[in-house]
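Heads up, the thing below is written out as structure tokens.
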Amino acid sequence: MDKNRCKWCVGIPIYEAYHDHEWGVPVYDDQKLFEFLILETFQAGLSWITILKKRENFRMAFDQFDYQKIALYSETKIQELLQDGGIIRNQLKVRATITNAIAFMEVQKEFGSFSKYIWQFTDGKPIVNQPQTMKDISATTPLSDAISKDLKKRGFKFVGSTVVYAHMQATGMVDDHVADCWKRTN
């Protein structure tokens, strides 16, 4: 029997698997939070399905999202990435990934972990919204505006409010499953 899902993922197996197993599930692990942050920054201006289809390529190209390695990438490595057809070859986004790895580690130094930093904005627990339909879900919120502003102040790039809100949804800081979705938290 088919499960009711949020309409954005229906009919595309990779989307359905992502929806069923990841989207909206709280993530507290720094490595996974960094992965989602980078994937969301690469999504800016593109569809999420494009990123999902290239996710394994991103993992290989960016050393399994090891932010300590990424922070040390040389110009040679950047040029290699810009020639890698398996990822999005946007120079600004590739360079932003390195900048974000450095900023990510600075946040870890200050807060003990990136997880402690990012989850402080929701008091450490998910915000459970109750959207009836996809039309009830905003692309940004005052909270994503505030987090975006703080990340930018800390030197992060490609972290506008829409990217931040998508990151919040992806990492379970926000639960936006619609009313008839089997993943909906009541």
Side-chain angles (χ1 to χ4, degrees), residues 2-3 5-105 107-108 113-115 118-119 126 134 137 139 144 151 156-160 162-177 181-183:
D2 285 336
K3 297 176 180 177
R5 293 180 173 93
C6 297
K7 300 292 182 239
W8 59 265
C9 71
V10 175
I12 304 171
I14 192 171
Y15 249 3
E16 289 180 354
Y18 171 71
H19 170 273
D20 291 357
H21 302 290
E22 293 185 89
W23 195 70
V25 175
V27 174
Y28 296 94
D29 175 72
D30 273 12
Q31 187 70 36
K32 198 68 162 172
L33 287 166
F34 183 74
E35 176 179 346
F36 275 117
L37 181 66
I38 298 312
L39 292 174
E40 294 295 349
T41 61
F42 271 94
Q43 183 204 354
L46 302 170
S47 68
W48 185 240
I49 191 72
T50 300
I51 302 304
L52 276 182
K53 287 178 178 177
K54 293 179 177 278
R55 189 176 190 181
E56 288 307 315
N57 296 336
F58 273 103
R59 282 186 178 136
M60 289 185 326
F62 285 99
D63 292 299
Q64 305 300 313
F65 297 105
D66 182 334
Y67 45 86
Q68 293 175 336
K69 286 183 181 177
I70 293 169
L72 300 174
Y73 279 1
S74 67
E75 186 61 32
T76 300
K77 176 65 174 181
I78 292 168
Q79 293 307 315
E80 286 174 17
L81 289 167
L82 293 174
Q83 299 305 312
D84 186 339
I87 66 169
I88 307 301
R89 295 177 287 180
N90 178 301
Q91 183 165 195
L92 293 175
K93 291 178 182 181
V94 168
R95 291 183 185 281
T97 300
I98 299 161
T99 300
N100 289 349
I102 294 165
F104 190 89
M105 291 189 301
V107 167
Q108 286 179 316
S113 72
F114 186 82
S115 182
I118 201 73
W119 279 95
M134 294 304 296
I137 301 172
S144 67
L151 286 168
F156 287 83
K157 305 287 184 204
F158 282 93
V159 288
T162 302
V163 167
V164 168
Y165 195 69
H167 185 263
M168 292 170 71
Q169 291 171 313
T171 61
M173 291 177 69
V174 174
D175 182 342
D176 274 339
H177 290 284
C181 178
W182 74 275
K183 294 280 293 192

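A search for side-chain hydrogen bond (donor to acceptor under 3.5 Å, both in side chains) contacts involving E22 returns R55, not counting sequence neighbours. Scanning for side-chain hydrogen bond (donor to acceptor under 3.5 Å, both in side chains) contacts around T50 gives S47, with sequence neighbours left out. Applying the ring pair (Phe, Tyr, Trp, His ring centres under 6.0 Å) test to Y165 and every residue at least two apart in sequence or in another chain returns nothing. Looking at residues two or more places apart in sequence or on another chain, you find a ring pair (Phe, Tyr, Trp, His ring centres under 6.0 Å) between W8 and Y15, H19, W23. Every residue two or more places apart in sequence or in another chain that forms a side-chain hydrogen bond (donor to acceptor under 3.5 Å, both in side chains) with R59 is listed here: E35, E56.
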Run the side chain to side chain contact (heavy atoms under 4.5 Å, CB included) check on T171 and L33 step by step: do they pass? CA-CA 7 Å; T171 61; L33 287 166; 3.7 Å; yes
Start with the C-alpha gap between F42 and V94, add the side-chain angles, then the distance that decides, and say whether side chain to side chain contact (heavy atoms under 4.5 Å, CB included) holds. CA-CA 8 Å; F42 271 94; V94 168; 4.0 Å; yes
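In this structure, the side chain of W48 does not engage the main chain of E40 through any donor-acceptor pair within 3.5 Å. Between the K93 side chain and the A44 main chain, a donor and an acceptor come within less than 3.5 Å of each other. For the pair K183 (side chain) and R5 (backbone), a donor-acceptor distance under 3.5 Å is absent. Counting only distance, with no hydrogens or angles, the side chain of Q31 and the backbone of F65 share a donor-acceptor pair below 3.5 Å. A donor-acceptor pair is defined here as one N or O able to donate and one able to accept, closer than 3.5 Å; such a pair exists between the side chain of N100 and the backbone of K157.
For the atom pair CD1 of I88 and OG1 of T41, the computed distance is 11.0 Å after rounding to the nearest 0.5 Å. Here CD1 of I137 is found 9.0 Å from NE2 of H177. Values are rounded to the nearest 0.5 Å. Note: K32 NZ to S115 OG = 14.0 Å, rounded to the nearest 0.5 Å. Rounding to the nearest 0.5 Å places CD1 of I51 at 5.5 Å from CG of L46. In this structure, CD1 on I87 lies 11.0 Å from CG on L39, to the nearest 0.5 angstrom. To the nearest 0.5 angstrom, F104 atom CZ is 6.5 Å from F34 atom CZ.
Nearest heavy atoms, R89 versus L82: CD-O, 3.0 Å. Here the closest heavy-atom approach between residue Q43 and residue A166 is recorded as OE1-CB, 4.4 Å. Here the closest heavy-atom approach between residue C9 and residue E16 is recorded as O-CG, 3.2 Å.
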Scan the side chains in residues 70-78 for donor-acceptor partners under 3.5 Å anywhere in the protein, sequence neighbours excluded, and list what turns up.
residue, atom, partner, partner atom, Å
Y73, OH, D63, OD2, 2.6
S74, OG, T76, N, 3.3
S74, OG, K77, N, 3.2
E75, OE1, R95, NH1, 3.1
E75, OE1, R95, NH2, 3.2
E75, OE2, Q79, NE2, 2.7
E75, OE2, R95, NH2, 2.7
K77, NZ, A61, O, 3.2

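With a 4.5 Å cut-off on side-chain heavy atoms, W119 and P26 count as touching. No side-chain heavy atom of F158 sits less than 4.5 Å from a side-chain heavy atom of T97.
H167 and F114 have perpendicular rings, their planes meeting at more than 60° on a 0 to 90° scale where under 30° would count as parallel.
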